[in-house]
Structures are given as C-alpha cells and as structure tokens.
Amino acid sequence: MTPVIKTDILIIGAGPCGLFTVFEAGLLNLKCHLVDSLGSPGGQLTEIYPKKPIYDIPGYPEILASDLVQNLLKQIEPFSPKFTLGETAVLLKRLENQNFEVTTNKGTVLEAPVIAIAGGLGSFEPRKPLINNIENYEDKGIDYIIRDPEKYRSKNVVISGGGDSALDWALFLVNIASSVTVIHRRTEFRGAPESVLKLLNFVKEGKIQLLTESEVTHLAGEQKLEWVIVNTPTSDQHRIDCDYFIPLFGLTPKLGPIADWGLELEKNAIVVNTTDFGTNIEGIFAIGDVNTYPGKLKLILCGFHEAALMVQSAYKAINGGRKPSFKYTTVTGINRLD
C-alpha cells in the first residue's frame with residue numbers, strides 16, 4: 001500500500017493564496033502539503049492568464065501573473081513545501097485522532113490536523129455565447145481564455161464582453177493586434193471605471209472599434225474562423241473580418257467533490273467566519289475566491305490577508321490551543337524548514 005502522506009496543514013489548491021499560506025505557516029514552523037488538480041502551481045494565474053499584467057499587488061505597480069507565481073514559489077522555498085499536482089481531492093474522512101484524511105482521485109492518501117481550502121473558483125468552465133456553430137471553431141479562431149497574448153500579434157481580434165476581463169484584454173491587445181473590436185450587449189460596462197475611460201479614449205483615437213447594444217450571432221470561415229456576423233441596432237448582418245473571436249463572459253465555477261464534504265455553502269462558495277476564516281467544520285478553513293462572507297472582495301491581496309489570519313488559528317489547533325509568538329520578519333528573518 002502507498003504510505004500516507006502526513007503534514008501539519010493540507011492545502012487544497014496551489015494558487016496564489018495557497019502558496020502564500022505556505023509562507024505564513026513556515027514562519028510558525030508548520031509544514032504544508034498542497035494538492036491541486038492542475039499540473040503546475042499558480043491556479044488561475046497559470047492556467048488562465050499567465051501573461052496578463054496585474055496592477056493591485058502591493059509593492060508592484062505592474063507584474064505579470066506568471067512572474068507573481070514564480071516570486072511566490074521563490075518566497076516559500078525555505079519552507080520546503082510538498083506538492084501533489086494533477087490530482088483532485090475527492091474523499092474526506094475524520095480519523096479517531098481527530099486528524100483529517102483526504103484521498104485524491106488517483107488514490108493518494110494525505111493526513112493532517114488542519115485543512116486549508118484555497119481552491120480559487122474550483123473547477124471551472126467558460127460561459128459560452130449561444131451561437132449555433134461555435135463549437136466548429138473552437139481552437140480554430142475561438143478562444144475563451146487568453147494564455148499567451150503573442151498569439152494575437154498582428155491579427156484581427158474581436159472581443160465580446162463588458163466586464164473587467166474583456167476591458168483589460170482589449171486595452172492590452174491594442175498594442176499587439178492589428179485591430180481590436182469590442183462588442184458589448186449593453187451601453188454600460190461592468191468593468192472598472194478607469195478601464196472604461198481608457199477604452200473610450202482608444203475608441204476616440206481610432207485604435208479600438210466599439211459596438212454597443214450589439215451581439216455576435218454567427219461565425220464563418222472554411223478551415224478556420226474568417227469573419228463574424230454581428231447584430232447591431234442598425235443591422236442584423238454586420239460583418240467583421242477577423243482571425244480570432246474571444247468571448248469573455250466569465251467562468252462558471254464548480255466546487256467539485258468538496259461540495260460533498262458537509263461544508264456550509266452559499267451560491268457555490270464556502271461560508272466562513274471573519275475571525276480566522278474557519279468553516280462550520282472545526283479544523284477546516286477556506287481562503288481566497290472559494291469562500292464567502294459579508295463584504296467579501298475577490299482580490300488576491302484579500303486572500304493573502306485571510307491566509308495570514310487563518311494560519312494563526314491553525315497553529316493553535318495543531319498545538320493544543322497554545323497561541324503562536326508573533327514576531328516581525330524584520331526581526332526574526334526567515335528560518336528554513338527541512
């Protein structure tokens with residue numbers, strides 16, 4: 001039989017919040033093991049937008065998502081975290097010693113007194129527009145996620161959507177693609193006001209074409225996508241030649257097997273308290289996009305804050321209620337865990 005992997009904190013999810021949990025735990029001499037269904041650490045940052053710049057990380061006016069992941073991995077190196085990647089946590093069992101036993105879909109068994117769920121959006125699927133022949137052009141000009149912006153260099157790109165993702169990518173690709181057209185079903189945008197203002201300025205300068213109250217209704221091309229048909233307020237047969245159509249309508253998150261663990265859920269998110277982000281099951285915490293509480297903001301920096309507070313309670317749970325001795329890293333430095 002495969003030996004059971006034992007650790008202090010079992011982290012479900014190796015995205016930015018999961019990785020930063022390792023750092024906070026390491027400061028308290030706690031060992032961590034991370035499980036993630038993806039094949040490499042980084043979560044959404046690696047899987048969805050590795051080359052997208054992020055602007056709201058303290059101390060970094062701008063940093064690529066992939067670079068942030070690499071920095072987080074370097075930051076936790078002294079604490080020697082262990083990883084089980086490409087496997088999904090499926091079964092949860094409470095043992096007689098009150099530790100948790102988690103089994104993955106590939107049979108790996110892990111044991112820990114504390115579980116930190118940092119699964120981001122969980123498993124997710126893109127929300128696809130209702131276009132009859134859209135599946136015919138998937139990977140042939142249709143992209144639901146932008147992983148490498150260089151793919152669109154000198155290409156004609158049509159983006160649909162009115163949220164932050166659509167706005168951010170339109171603004172980013174304007175200096176890469178030959179042309180960028182943004183199509184939105186409404187006149188108002190859901191994205192950040194600053195991004196909307198930048199978009200409108202590019203429209204005035206003729207660098208971006210914007211069609212509001214409009215919707216892509218048909219796709220066409222022989223071997224790959226060559227043009228789209230758009231329903232506008234003045235025409236239902238407006239043709240736009242393009243190499244790529246990128247509908248960015250968000251993702252449909254799914255908790256997967258974790259939804260069957262007996263945790264209190266609200267709209268596909270795990271309900272936590274705001275003291276230490278504990279769940280209704282003592283010893284199980286949830287941080288980052290996967291949790292919900294009054295005033296919740298789905299920001300990476302908020303997840304970092306949640307990780308820091310969560311680890312303090314995890315330490316007490318592991319050490320019989322004894323509180324950790326909090327000291328600043330400017331005083332203690334970073335001690336390696338072997």
Side-chain angles (χ1 to χ4, degrees), residues 44 48-56 62 64-65 124-135 137-221 224-252 298:
Q44 297 175 54
I48 300 177
Y49 47 87
K51 298 303 180 183
K52 183 178 180 182
I54 302 174
Y55 301 100
D56 58 359
E62 176 183 330
L64 291 180
F124 44 83
E125 297 176 357
R127 294 189 178 98
K128 301 180 181 181
L130 298 177
I131 303 174
N132 289 335
N133 62 339
I134 193 167
E135 293 183 356
Y137 295 98
E138 290 177 347
D139 298 323
K140 298 177 183 178
I142 300 291
D143 288 334
Y144 302 109
I145 294 171
I146 296 178
R147 292 186 171 89
D148 182 8
E150 284 298 317
K151 176 180 180 178
Y152 310 100
R153 183 167 293 281
S154 303
K155 302 296 183 181
N156 297 308
V157 177
V158 173
I159 295 175
S160 280
D164 285 315
S165 185
L167 293 173
D168 289 348
W169 279 120
L171 296 175
F172 189 84
L173 292 177
V174 71
N175 294 316
I176 294 177
S178 288
S179 68
V180 175
T181 301
V182 175
I183 299 172
H184 185 36
R185 291 171 289 185
R186 301 178 180 86
T187 55
E188 296 182 352
F189 291 86
R190 301 186 311 277
E194 182 181 1
S195 298
V196 175
L197 182 60
K198 289 181 179 178
L199 176 74
L200 295 178
N201 285 336
F202 278 130
V203 172
K204 290 180 181 178
E205 295 171 4
K207 295 181 178 179
I208 291 179
Q209 182 182 4
L210 173 63
L211 297 177
T212 58
E213 298 182 274
S214 302
E215 189 172 4
V216 174
T217 58
H218 187 71
L219 312 172
K224 60 182 183 61
L225 183 67
E226 296 177 16
W227 73 85
V228 299
I229 299 298
V230 183
N231 188 346
T232 72
T234 58
S235 172
D236 59 359
Q237 291 294 318
H238 181 69
R239 169 174 165 164
I240 300 177
D241 293 336
C242 63
D243 300 294
Y244 290 97
F245 172 49
I246 311 172
L248 298 173
F249 297 147
L251 303 169
T252 301
K298 292 189 176 183

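For the numbers below, each heavy atom of this structure counts, side chains included, while hydrogens, waters and symmetry mates do not.
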**Asked** For E138, does the CD atom sit with more than 12 other heavy atoms under 6.0 Å from it, leaving out its own atoms?
**Response** yes

**Prompt:** Any donor-acceptor pair under 3.5 Å linking the side chain of S195 with the backbone of P193?
**Reply:** no

**Request:** Report the C-alpha separation of D243 and Y152 in whole Å, then their side-chain angles, then the decisive distance to 0.1 Å, and conclude whether the side-chain hydrogen bond (donor to acceptor under 3.5 Å, both in side chains) test is met.
**Result:** CA-CA 8 Å; D243 300 294; Y152 310 100; over 6 Å; no

**Message:** Looking at every heavy atom in both V157 and L173, which two are closest together, and how far apart are they?
**Reply:** CG1-CD1, 4.4 Å

**Item:** Minimum-distance pair of heavy atoms, taken over all atoms of A170 and L199
**Value:** CB-CD1, 4.4 Å

**Side chain proximity check, P129 to I134, heavy atoms < 4.5 angstrom** = yes

**Asked** Counting only heavy atoms not in E194, do more than 12 sit closer than 6.0 Å to its CD atom?
**Response** no

**Request:** Flag yes if more than 12 heavy atoms outside D139 fall under 6.0 Å of its CG atom; otherwise flag no.
**Result:** no

**E188 atom CD, over 12 foreign heavy atoms within 6.0 Å** = no

**Message:** Ignoring hydrogens, what is the shortest heavy-atom contact between L225 and W227? Give both atom names and the distance.
**Reply:** CD1-O, 3.5 Å

**Prompt:** Which heavy-atom pair separates C242 from V158 by the least distance, and what is that distance?
**Reply:** CB-CG2, 3.7 Å

**Prompt:** Should the heavy atoms of other residues, nucleotides or ligands under 6.0 Å from NZ of K140 be counted, would the total exceed 12?
**Reply:** no

**Prompt:** Would you say K52 has more than 12 foreign heavy atoms packed within less than 6.0 Å of its NZ?
**Reply:** yes

**Prompt:** Quick one: are P149 and W169 in side-chain contact, heavy atoms under 4.5 Å?
**Reply:** yes

**Item:** Residue pair L171 / F202: nearest heavy atoms and the distance that separates them
**Value:** CD2-CD1, 3.5 Å

**Request:** Measure from the side-chain N and O atoms of D143 to the backbone N and O of I145, and report whether any donor-acceptor pair falls under 3.5 Å.
**Result:** no

**Ring-face cation of R127 near Y144 (centre distance under 6.0 Å, axis angle within 45°)** = no

**Prompt:** Above 12 or not: heavy atoms from other molecules or residues under 6.0 Å from CG of N132?
**Reply:** no

**Prompt:** So, N156 and Y244: side-chain donor and acceptor under 3.5 Å apart, yes or no?
**Reply:** no

**Asked** Just how far is it from atom CZ of R153 to atom CG of N175, taken to the nearest 0.5 Å?
**Response** 9.0 Å

**Pairwise side-chain contact, V216 with H218, heavy-atom cut-off 4.5 Å (strictly under)** = no

**Complete:** On a heavy-atom basis, the closest approach of L219 and N133 is O-ND2, 2.7 Å

